[in-house]
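Heads up, the thing below is written out as structure tokens.
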Amino acid sequence: MARKLFADLPTSDEVVPVGGSSALPRSSRRNGGLWPVGTFFDKIDNIKEAIMDSDGYIRTVELTNSISPYFKKAYSFASSAAWILSTSFIVIGLPLVFEMDRELNEAGAGMTPANAPTAADHGLHPAGR
């Protein structure tokens, strides 16, 4: 027996179960909660055709098609700029950060608790004296 990759769609005269009886018209509630499939798909097709035939939809599609090349160029420029900036930071910025960290660690390593500056060296006096 061969396995089907996709389920067959019901024909227009078949019915499918619908969840919740409140969503059904009274005539369908009497049929045990079944909704005629053809009417549902017909309604969807009618709504889709009404939207696609409207002037607003047609103007929106024309506007989108006219400005999309500019957005593609802007996206290409932005992605190239991001690539250049990120690789430049990796090549130049990271070694600089590591070198500065190493110099700070070397300068701090020479300071031991015996010769570390105290609060009195900075003109600060403990409270109560």
Side-chain angles (χ1 to χ4, degrees):
M1 180 175 165
R3 293 181 66 187
K4 289 185 179 182
L5 294 177
F6 300 102
D8 292 331
L9 291 175
T11 61
S12 62
D13 57 342
E14 294 180 25
V15 292
V16 293
V18 178
S21 63
S22 63
L24 296 173
R26 288 180 191 238
S27 61
S28 294
R29 288 185 203 153
R30 287 187 218 119
N31 295 338
L34 299 176
W35 189 279
V37 176
T39 59
F40 176 73
F41 288 124
D42 291 339
K43 287 181 183 181
I44 296 294
D45 285 339
N46 291 339
I47 292 170
K48 189 169 62 170
E49 287 175 12
I51 291 172
M52 293 181 78
D53 290 340
S54 68
D55 290 335
Y57 177 81
I58 293 170
R59 280 184 268 154
T60 304
V61 169
E62 289 172 354
L63 178 67
T64 305
N65 289 339
S66 67
I67 62 174
S68 65
Y70 300 112
F71 282 114
K72 288 178 183 178
K73 288 179 184 179
Y75 175 78
S76 175
F77 175 77
S79 62
S80 297
W83 176 256
I84 291 169
L85 290 174
S86 61
T87 55
S88 297
F89 175 75
I90 290 171
V91 171
I92 296 169
L94 282 181
L96 179 64
V97 169
F98 287 134
E99 188 64 31
M100 290 172 61
D101 184 49
R102 189 176 74 175
E103 287 180 12
L104 288 174
N105 286 338
E106 288 175 358
M111 304 193 73
T112 60
N115 62 4
T118 61
D121 294 338
H122 294 290
L124 302 173
H125 299 286
R129 285 193 168 178

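Sequence positions, counted from 1, serve as the residue numbers for this chain.
- Qualifying side-chain contact (heavy atoms from CB on, under 4.5 Å) partners for K72, counting only residues two or more places apart in sequence or in other chains: none.
- Closest of all the heavy-atom pairs between I58 and D53 is CD1-O, 4.1 Å.
- Note that the CG atom of N105 and the CG atom of D101 stand 4.5 Å from one another [nearest 0.5 Å].
- Partners of E99 according to the salt bridge (Lys or Arg N to Asp or Glu O under 4.0 Å) rule, which considers only residues two or more places apart in sequence or in another chain, are R102.
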Would you tabulate the side-chain donor-acceptor contacts of residues 86-95 under 3.5 Å, counting partners in other chains and residues two or more places apart, or write 'none'?
{"from": "S86", "atom 1": "OG", "to": "A82", "atom 2": "O", "distance (Å)": "3.0"}
{"from": "S86", "atom 1": "OG", "to": "W83", "atom 2": "O", "distance (Å)": "3.1"}
{"from": "T87", "atom 1": "OG1", "to": "W83", "atom 2": "O", "distance (Å)": "2.9"}
{"from": "T87", "atom 1": "OG1", "to": "I84", "atom 2": "O", "distance (Å)": "3.1"}
{"from": "S88", "atom 1": "OG", "to": "I84", "atom 2": "O", "distance (Å)": "2.8"}

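- Applying the 4.5 Å side-chain rule to ILVMFWY residues, one finds M100 in the same cluster as L96.
- In the hydrophobic clustering of ILVMFWY residues, with side-chain heavy atoms under 4.5 Å counting as a link, L63 and Y75 come out apart.
- Pairs passing the side-chain hydrogen bond (donor to acceptor under 3.5 Å, both in side chains) check and including a residue from residues 55-70, sequence neighbours excluded, do not occur.
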